[in-house]
Structure formats: structure tokens, C-alpha cells
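In this text, all values refer to a predicted model and were calculated from it rather than measured experimentally.
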Amino acid sequence: MEKDFITLFDLQSGLKEGIERLFPSKIWLRAEISAIKARVGGHCYMELSQNDGNGIVAKAQAVVWSSRYRFIAPYFESVTGSPLREGMLVLIQVQVSFSQIYGLSLVVCDIDPDFSVGELERRRRLTLERLVKEGLADMQKGLVPARLPYRIAVVSAPDAAGYRDFMRHLHENEYGFVFRTDLFPALMQGADSPGSVIAALDSVMESGLEYDAVAILRGGGARLDLICYDDYDLAAHVAQFPVPVFTAIGHDQDTHAVDIVAYMSVKTPTALADVFVSLYADEDAALQSYGDRLRLAASGRLYQEENRLLGLLHGLSAAFSGKIMAMENHLSILETRMRASDPRSILKKGYVLAVDCSGTVIRSVAGMKPGDSVTLMVSDGKMDCKVDSVSADNGQ
């Protein structure tokens, strides 16, 4: 029995007619770029795919002819900040075509950059909502950081400009403050970056060293290059890390999920180095202020003590001067009395002082006899005399 059949060409022609009848005009297609290659001639070939979470469920080839690619590619990069690359979710306008020789193909007519940017924001928002719902958003904020962080674990790519800027700015600070930094290398962009950074953080914990802080450094990049920092697993790992995490991813416009859950986020690695240096500078200034206050207090106390001693000295001097004056007055009185009691003062009044040969003042005739020597002292001299006779005054 002869079997019915059709030729391959008839099959392909039927498919071509049916597909082009089903999609007669351009359509917008949502898909992920799983592979992309720009040829020397200017054409760009893509492999588009769709993943349902369990694996790829659809795949197709697409081409952007050079006449369109030279306009589409630079415009997309100017809006998104990143060139077209693998892993991007895009909204592309295609013309569906079918060739009897080459099969199904999608000719790309346009790519909407706003969709890619909006999709990133949607994913970021969902990640943040989940972090908040699970109570992870503020966990790092509850940590108590070291007052003066000295030992810092740095998670970065070793050849990154941001890492070099951070190290130079930190270790060559103008004050001469000393820090210890240990590098834990990681991929800082791309689909493998979240897992690499998580592995680096795990290495920090497994090192056995007690770090005061962890610094995650990126140092800038295209907007789409930084989508890895909105990854839920990475953000959750940072949120639950037991050491304060400081991020300096380096994008001036966006704040990523990792920035939000970290203990502190700054824009650039250099700015983060300034944060650590400023902690020491502030402490140094505070110590300097304390020293100045102590010196001022000591100077004030010394001034008070000097004044008190001067007061005591003046009091002692006044008391001593008063005592000396009183003693001088007393001596003056005694001197006056002595002068008044001086026999010579009495003699000047006309009195005569008589003494015997031994110099004893003669106060009575008792014991005197004729022939005794007597000296008579007057105000201007003395006279040696002999007693001729002695007679007592019986009138007493």
C-alpha cells in the first residue's frame, strides 16, 4: 500500500505560511538573553530563553541586523548604563519569520531599555518587601560597633580600583592612624557575584579572627552591573551577619538591598575609608579637648592655690609686722623706763650718789666709820672722799 507523504519543503512552506499568518506584524516579546554575539560585520546574534524557575521552557534564535544594531545598542546602554549582555531580561520587538532552510528566526527591530530598568526596580522592591516581612531589614542596625574599629575584613576584587582607593586612603591617612585590613577576594559583579560574596563572608567567620567591621567594596559600575546587590540571598546573609557590615558599592544614584540591610552604607570606598579615619580623628579631638580642659582646670586650681598662699603670706606678714610693732612699742616703753631709771638722769637733777670702796651704794650711815673711802658721783663726774666722822640722824 502506498503511503501518503509530503516533502520537507512542503512541510517547511506550510509552517512558514502558518507562522507568518499567525504573526503578520511585529510583536513585543519578553525573554532573557541567554547568549549574545556581535559579529565583525555588525550583525548581532542572540539566543533568547524563558525559565520558569525549574529550568528552561522555551528557546529561540534572534538576530539584530547591523543597520538596526548600531542604533539599538548605544541607545540601550545610554539609558540603562550597561550594554546588552547575557542574563538580562529584555522586552524586544521582533518580526517572526520562518525559512525553509534555516527554520524559525526572530528579527529584532527594537529593544525597550525602560523595561529592563523597570524590571530591576520590580525585583529590588520585591526583595526589600521580603526582607522587611521576615524582620531582616534592621538586624544589622541593632549591632553595637567597635568604638575604634581596628581589624577590618575587606570583601572585594583584589584588582578593583575601588579597593586600591580604599586601602590607600585608609592606610595613608593624614593623621598616621594605624589599621589592620585583611582581604577576602570575591567576584563583585555578574550572576555569580552573590554566591561569591556570601562565600567570602563565610570565610571571614571561619578565619577565627575577631573583626571589628566588614567592608564590602565595589567602586562603581553600570546600573545593570550592580543588580547582584539586590539579590535576596546576599542581602539576607548580610542582614544576619554578626559583625557590622559597611558597604561602599559606588553608585551615586541607586541604593541596593545590600546597602539598606547593612549597618552603614556610603557611596564610595574612599568615603568609607573617611568614615573609619574620622572615628579616630573624633576620638583624638575629644582626648585633646579633655587634655585642654584638664590643663585649664589644673591652671585654674594652681591660680586659686597661688592666690590662697599669697593671702596666707600677706596675713602672716601682717600678723608678723603687727607682732614686731607691738614688741618694738614694748621695747620703747622699757627703754623709756630704763632711761627714767638711769642714775645719771637722777644725778642731773642735782642728786649725789655715794658708793663705798667696793662700789656698793651707801644707803645708811650704819657700818660707816671715819677714814672709810667714799666715792661721790655727780652728773658730770665723781669725787673720792674720806669719812671724817659719822653721825646718825636720830630724828627717825
Does a sphere of radius 6.0 Å around CE in M377 hold more than 12 heavy atoms from other residues, nucleotides or ligands, not counting ones at 6.0 Å or beyond?
no
Looking only at atom types and distance, does a side-chain atom of D138 sit under 3.5 Å from a main-chain N or O of K141, one as donor and one as acceptor?
no
The side-chain contact (heavy atoms from CB on, under 4.5 Å) partners of A146 (sequence neighbours excluded) come to D212
Heavy-atom nearest pair, A60 first then L106, reads CB-CD1, 4.0 Å
For L91, does its backbone N or O pair with a side-chain atom of R30 as donor and acceptor, under 3.5 Å?
no
Above 12 or not: heavy atoms from other molecules or residues under 6.0 Å from CG of D192?
no
Give, for atom OG1 of T247 and atom NE2 of H256, the distance between the pair rounded to the nearest 0.5 Å.
9.5 Å
If you apply the rule side-chain hydrogen bond (donor to acceptor under 3.5 Å, both in side chains), what do you find for S34 with E47, and how did you get there?
CA-CA 6 Å; S34 53; E47 181 181 78; 3.0 Å; yes
Please check: side-chain N/O of N173 versus main-chain N/O of V277, any donor-acceptor pairing under 3.5 Å?
no
Any side-chain donor-acceptor pair under 3.5 Å between S99 and K16?
no
Looking at side-chain heavy atoms only, is the closest gap between L272 and F276 below 4.5 Å?
yes
Hey, are the side chains of Q61 and Y102 touching, using non-hydrogen atoms and a 4.5 Å cut-off?
no
Mind checking whether F241 and Y263 have ring centres under 6.0 Å apart?
no
Residue pair T7 / D10, side-chain donor-acceptor N/O under 3.5 Å
yes
Show your working on side chain to side chain contact (heavy atoms under 4.5 Å, CB included) between L201 and V155 and close with a plain yes or no.
CA-CA 7 Å; L201 291 173; V155 177; 4.1 Å; yes
Just checking, R130 and Y232: is the charged tip under 6.0 Å from the six-membered ring centre and within 45° of the axis?
yes
Do any N or O atoms from the side chain of S196 and from the backbone of A186 form a donor-acceptor pair under 3.5 angstrom?
no
For residues T127 and A257, report the shortest heavy-atom separation together with the two atoms involved.
CG2-CB, 4.0 Å
To the nearest 0.5 Å, what is the distance between NE2 (H314) and CG (L309)?
11.0 Å
As an exercise, state the distance from CG of L89 to CG of L48, rounded to the nearest 0.5 Å.
10.5 Å
Are side-chain heavy atoms of I152 and L170 found at a separation under 4.5 Å?
yes
For T270 and T268, does a side-chain donor sit closer than 3.5 Å to a side-chain acceptor?
no
When you measure from the side chain of S278 to the backbone of D274, do you find a donor-acceptor pair of N or O atoms at a distance under 3.5 Å?
yes
Could you tell me whether the side chain of Q12 and the main chain of L8 form a donor-acceptor pair under 3.5 Å?
no
Heavy-atom side-chain contact between V378 and Y351 under 4.5 Å
no
Which residue pairs satisfy the ring-ring contact (aromatic ring centres under 6.0 Å, His included) criterion with at least one member in residues 155-176, sequence neighbours excluded?
Y175-F177
For S389, is there any backbone N or O sitting under 3.5 Å from a side-chain donor or acceptor partner on K369?
no
What do you reckon, is CD of E210 surrounded by more than 12 foreign heavy atoms closer than 6.0 Å?
no
In Å, rounded to the nearest 0.5 Å, how long is the span from CG of N307 to CG of L313?
12.0 Å
For V154, does its backbone N or O pair with a side-chain atom of Y211 as donor and acceptor, under 3.5 Å?
no
Heavy atoms from other residues, nucleotides or ligands near NZ of K26 exceed 12 (cutoff 6.0 Å)
no
So do S156 and I216 actually touch side chain to side chain, heavy atoms under 4.5 Å?
no
Mind checking the SG-NZ spacing from C44 to K37? Nearest 0.5 Å is all I need.
10.0 Å
Taking side-chain contact (heavy atoms from CB on, under 4.5 Å) as the test, write out the residues that go with R180, two or more places apart.
Y150, R151, D182, L209
First locate atom OG of S207, then atom CZ of F184, and finally report the distance between them rounded to the nearest 0.5 Å.
4.5 Å
Please check if the side chain of Q140 supplies one atom and the backbone of V245 the other of a donor-acceptor pair under 3.5 Å.
yes
Under 3.5 Å, is there a donor-acceptor pair between the side chain of S321 and the main chain of S317?
yes
Determine whether V261 and L131 make a side-chain contact, defined as any pair of heavy atoms from C-beta on separated by less than 4.5 Å.
yes
If we only count heavy atoms from C-beta on, is the Y45 to R39 side-chain gap below 4.5 Å?
yes
Give me the atom names and distance for the closest heavy-atom approach of G41 to S66.
O-CB, 3.9 Å
Is the shortest heavy-atom distance from the side chain of S116 to the side chain of F76 under 4.5 Å?
yes
Apply side chain to side chain contact (heavy atoms under 4.5 Å, CB included) to I27 and V94, showing your working.
CA-CA 6 Å; I27 60 171; V94 299; 3.8 Å; yes
Between T375 and D384, a side-chain donor and acceptor under 3.5 Å:
yes
